[in-house]
Structures are given as C-alpha cells and as structure tokens.
Amino acid sequence: MPPTPSSPAYLRKAHESASQSNLDTSPTSANFTPSDDDSDDELPMLRDSDAYELQPIAPREGDTARDDALQVPGASREDAHLLPSPRRFSMDSVQSFELYTPDEDKAVRRKLDRRLVSFMALLYSLSFLDRSNIGNARIAGLATDLKLDSQQYEWLLWAFYITYILFEWMTLMYRIVPPHIYISLCILSWGVIASLQSIATSFGFLLALRALLGIGEAAFSPGVPFYLSFFFRRRELALRTGLFISASPLSASFAGCLAWLITKVGEHGPLSPWRLLFLIEGFPSVLVAVWAWDFVPDGPGTAKWLTPRQREVAVLRLREERENAEDRVKEKSLTGTAERRRVNLREVYQTLADPQCYLTAFMFFSCNVAFSSMPVFLPSIIKDMGHSSIKAQALSAPPYLFAFVVVLATAYLSDRYGTRSIPIMLHSLLASVGYITIAVSGHYKASNTTIRYLALYPATAGFFSAITIIIAWTINNQESDSKKGTGMAILNVIGQMGPLVGTSIFPEEDGPWYVKGMGICAVFMLLVGILAAVLRAVLQRQNRKLKENRSGSYAGIPLDDGGETSRAENKPFEYML
C-alpha cells in the first residue's frame, strides 16, 4: 500500500527525493526537476500549486521558514523536520540574506562593541589598576611607612598571584551563574578589598588583602574573553579581546599620570600619598558594580540595550558557530530568554587531554613573566635611570600608551587576515630585541639612558600584543562553550604561574641596571615565538587529518547518521593558524 501524503513515510520519501534532486541542480538555479526514478513516488510536480521547491529564502509577509516546509499536503508541524529545509543547504553568504541583512549584522556588531566590549574594557582597566598600583604605591612611600624590604615586597606580589592561580577554575562559573550576577559580585569584591589596602598598618595585614584581591580578580578577568565568545564569531574575537586587553596598558598609562597627581596632592594632605592612591583607585569599582548588575547581559538574547530585532540578529549571527546540541541557542532566546547553561563533563575531559591547550598555556606562562613584572617594577626601573619619583610616575605612561595602539592594530590585522601565530612570533621577536637592548646597555653600564628607555616601548607592546592573540587563539580552537571554558582554565592555571617568576626577577639589589631581570624576560619572550611556531605546525597537521577524514559530506556540508545536514550549518570546523 503506497504511503499517504500525511504519513511520516511519505515525508521521509519527500526528503530523500528532494535531496537527490538537489544534487543535479545548478548552483545558480532556483528550480529542480525530479528524475524519472522518482516518477512513481507520488511527489507533487513543481508546477503544482502545492509543490515543495528549493529556492532562495525571502521572507514573506505572515510566513515563516517552517511554514514553507508545510506546503506538502497533509504535513503537520510536528513532522516538518523530516522535510528538506532550504536553510540547511545555504552557504554563509546566503544565510546572511536569509535571516538578516549585512547592515543589520554590522549595526549589531557595532553596538556590541560600543556597549559590551567597552564596558568589559572599563572593568578590566579597573581590575588591572587595582592589582598593579602597588608599584606606584611603593615609590610613593609604602615601603618606607610599613618598613618593607625587597623580599617582603615580593611576597605581596606573590600573595596575589598564588590565590589568582588557585581560583582560575572559576572561569567555568560563567556557564553556571548568570553573568550579570557573577560579574557584579566580582567587581564589588575586588573594589572593597582594593580600597581597604589604604588602611593597612602592617605587612601581614596588607599580605592578607593582596591574597583576597587575587581571588576576586581570578573570578573575573580570565573568563572575560570566554564570556565575549558568547556574542562574537571566531574571526571577530581577536579584535574584541584586543579591545579588552588593551585596557591594561591604557589603565597603566593612566595610573602613571594619576599616581603623579595623587602623589603631588598627598604630599600636603592628611593621608600618606600611597594610602590616598589605594583609596582613589579602588573605590570606583564599588560604584561600577551597581551599574554592572543592570547593564551586563547574560547572553545575546537578553541585552536590554539592543532592540528586539537586534537581539534576534545577535543570536542568529552565532548559530553557525554552535557545533553541539547542548551549546546551541534555544529558539526561545530569540524572544529574549537566556541560553541554556551547563558544563559538558565529557568535553571538559577531552580538553584536559588535548596537547594544544598546554602549548598555548606555556606560551601564556612565558608572556606573563614579562607581563607581571613590568607594570609593578617599571616606576622603580625608570626611577633608577636617574629620575625623581614624581617624574618616574609620569614617564611610565608613554610606553603603555604606545602598547595600547599597537595591541589594537595587531588584533585588527590578526582578525582581518585570519592568523594568530604570525603576530605572536613577530611581537615575541620585537620584545626580545627590546629586552636584550636594555640588558646589554646595563651590562656595559651605558650612560645614555635614552636608549634604555626607548627599548621599553617594543618590549611593553610585545608582551601585551602576544597575550591578546594567545587568548583569542585558545578560544578560537575550541569547538564548544564547555571546551572554551576548560581551555581558558588550563591557560590561566599554567599561565598565571609565570608571575611567580616575573615578580622575583627585579630585586632592588640589582638596580639600577637590572641585567638579570631583563635577560630573563628576553629569553621567555623568545620562547613564546618558538612555541607559537611549534603549535602552528601541529595545527596544520591536524587540519590535514580533518580534511582526509571528512568523507561523509553532502555538497560540502557534513551529514549526520540519518543523512541530514549537521547542526553546525556551516563549513566544518578547522583549527585557526
């Protein structure tokens, strides 16, 4: 007995026949003609009014894509998934026109940049300011008032990074706790603790506060690039990470100018300059935490500052990035509800066993030797070049401003050309040259401090830029949110051990030349470039294997076991080089 038009068997038959017919269709043709083999399948001909036809989707008033699929007689909405959906056969360029226009895509991306990325950059600048201002406080009277020697000062730096490392696992909390709650609590915690440093009366008290500050910032900072991946595509992420990370050199330059101003004012005030410094730079975070509660969205479908249509486009922009069912956005998110939040333990274990994660982590470790040492020691290094404390505060700003511009340019070009390893190798080499120049000048005790000061520029820009691209590269090469979160946790647990080395390589006794510290930074930055080259070679081999094993595909679109196109709805995943 032949299948009836309303039966599931009929619908499956329609699916198979339409899929086969599509193979014989010209890419530029909207219509297809069933083959002779299908003549007895009871499929309606294309000239019939009820015929199902593969054609470019153009929204029709009062209609939806799924309603189009129901044109087969007797098909119910529950059976509609059995029919071949035109969207499944669309390429990226066509998908944009199916669901939203390029202008809508650009408008949403710009609004996310102006609102979300700018706000995350503000938060990171506050956190970086609160962790690194101890370097400015040191030459503003902290070491003298609390009678700190060089070893005690190192312990203040270590205390922050030890707890920072121990609580890196909290990156995964972005998938469990709604981000607007989680981020607000993180900001509030470090703002209160940073402000309390202004009332420290002993080394022990300040040590405890620095340890608590590390917990508050570990819960926030490492997970922000992961959080941004909820809103941006893979090839958009480096620039957004660059905008976020560039807040650190910008805030460092601002900190130098602010420290100079506070030191000038504090010299004639009731509070010591270093106490005023901690208070003025720490308390604004408390106020921003209140703002963050209402401003920070939990996902692209819940951003209050986007219009309903923009929220829909923000979700649809990422649908091709969602490789796994548990990571896909619910249809309800188009109307404003939040995404499903859970951690896939199987993917967590897969990521923990992935060697490439450890290569990026050791690159991050090497960068952090320089990244952690320069901001907290730069004022002292410049002071030991023969400048006064106040002038050293001011001279520490220009290298960071230069780094800010270079980071943005590097991130933009990295996204534009779709490469991560080349910018890392380039900047690691430039940074090494900068550090070697300072070390050699110090070894020969060169009297010209201008060369040593100018060499700080490529050194500072180098490690800031390399860190930006390393973070983006780690997220780019993980296929799901659970893997991204785990990859970021590995990156930071191993990478943040670098500061334990970096914060101890510039002892006061090595001044004013600091040959050993500069030489160590040069070696580690050169190692970053070598590891980037190794990882590039590994990923090239992985991509070749993926192409060789990609046999089950339909017109370049992966098929699942049932013969339907995969959920990814775009070209197969490849590692970014």
Candidate pair Leu250 and Ser125, rule side chain to side chain contact (heavy atoms under 4.5 Å, CB included), full reasoning: CA-CA 7 Å; Leu250 187 63; Ser125 67; over 6 Å; no
Separation of [Y] [atom2] from [X] [atom1] (nearest 0.5 Å):
X: Ile162; Y: Ile215; atom1: CD1; atom2: CD1; result: 11.5 Å
X: Leu413; Y: Leu408; atom1: CG; atom2: CG; result: 11.0 Å
X: Leu188; Y: Leu185; atom1: CG; atom2: CG; result: 7.0 Å
X: Met120; Y: Phe231; atom1: CE; atom2: CZ; result: 8.0 Å
X: Leu213; Y: Thr163; atom1: CG; atom2: OG1; result: 8.0 Å
X: Leu306; Y: Leu112; atom1: CG; atom2: CG; result: 5.5 Å

Are more than 12 heavy atoms from other residues, nucleotides or ligands located less than 6.0 Å from atom CZ of Phe362? no
Examine distances only and state if a side-chain atom of [X] and a backbone atom of [Y] form a donor-acceptor pair shorter than 3.5 Å.
X: Ser221; Y: Ala218; result: no
X: Lys111; Y: Trp305; result: yes
X: Arg240; Y: Glu236; result: yes
X: Tyr174; Y: Phe220; result: yes
X: Asn477; Y: Met576; result: yes
X: Arg115; Y: Ala303; result: no
X: Ser246; Y: Leu243; result: yes
X: Thr468; Y: Ile245; result: no

Please name the pair of heavy atoms, one in [X] and one in [Y], separated by the smallest distance, quoted to 0.1 Å.
X: Ala403; Y: Ala461; result: CB-CA, 3.8 Å
X: Phe364; Y: Gly495; result: CD2-CA, 3.7 Å
X: Met425; Y: Ala532; result: CG-CB, 3.8 Å
X: Ala219; Y: Met170; result: CB-CE, 3.8 Å

Residue list, side-chain contact (heavy atoms from CB on, under 4.5 Å) with Ala121, at least two apart or on another chain: Ala247
Verify side chain to side chain contact (heavy atoms under 4.5 Å, CB included) between Trp169 and Val493, making sure each step is shown before the conclusion. CA-CA 8 Å; Trp169 58 268; Val493 168; 5.9 Å; no
Test item: [X] and [Y] side chains (from C-beta on) under 4.5 Å apart, heavy atoms:
X: Ile187; Y: Leu126; value: no
X: Leu535; Y: Ser421; value: no
X: Trp473; Y: Met363; value: yes
X: Gln478; Y: Thr486; value: no
X: Met488; Y: Pro225; value: yes
X: Phe402; Y: Thr460; value: no
X: Glu217; Y: Asp130; value: yes
X: Pro499; Y: Tyr164; value: no

From the list Arg110, Arg309, Arg233, salt bridge (Lys or Arg N to Asp or Glu O under 4.0 Å) with Asp105 holds only for Arg233
Would you please indicate if the ring centroids of Phe371 and Phe128 are separated by under 6.0 Å? yes
Passes side chain to side chain contact (heavy atoms under 4.5 Å, CB included), Thr474 versus Cys357? Steps please. CA-CA 7 Å; Thr474 300; Cys357 291; 5.9 Å; no
Is a side-chain donor-acceptor pair under 3.5 Å present for [Y] with [X]?
X: Arg420; Y: Ser414; result: yes
X: Asn543; Y: Glu574; result: no
X: Trp190; Y: Ser285; result: yes

Check step by step if side chain to side chain contact (heavy atoms under 4.5 Å, CB included) holds for Phe278 and Ser195. CA-CA 6 Å; Phe278 280 139; Ser195 301; over 6 Å; no
Ion pair [X]/[Y], N-O distance below 4.0 Å:
X: Glu548; Y: Lys545; answer: no
X: Lys304; Y: Asp294; answer: yes
X: Lys484; Y: Glu347; answer: no

Over 60° means perpendicular and under 30° means parallel, so tell me whether Tyr400 and Phe464 are parallel, tilted or perpendicular. perpendicular
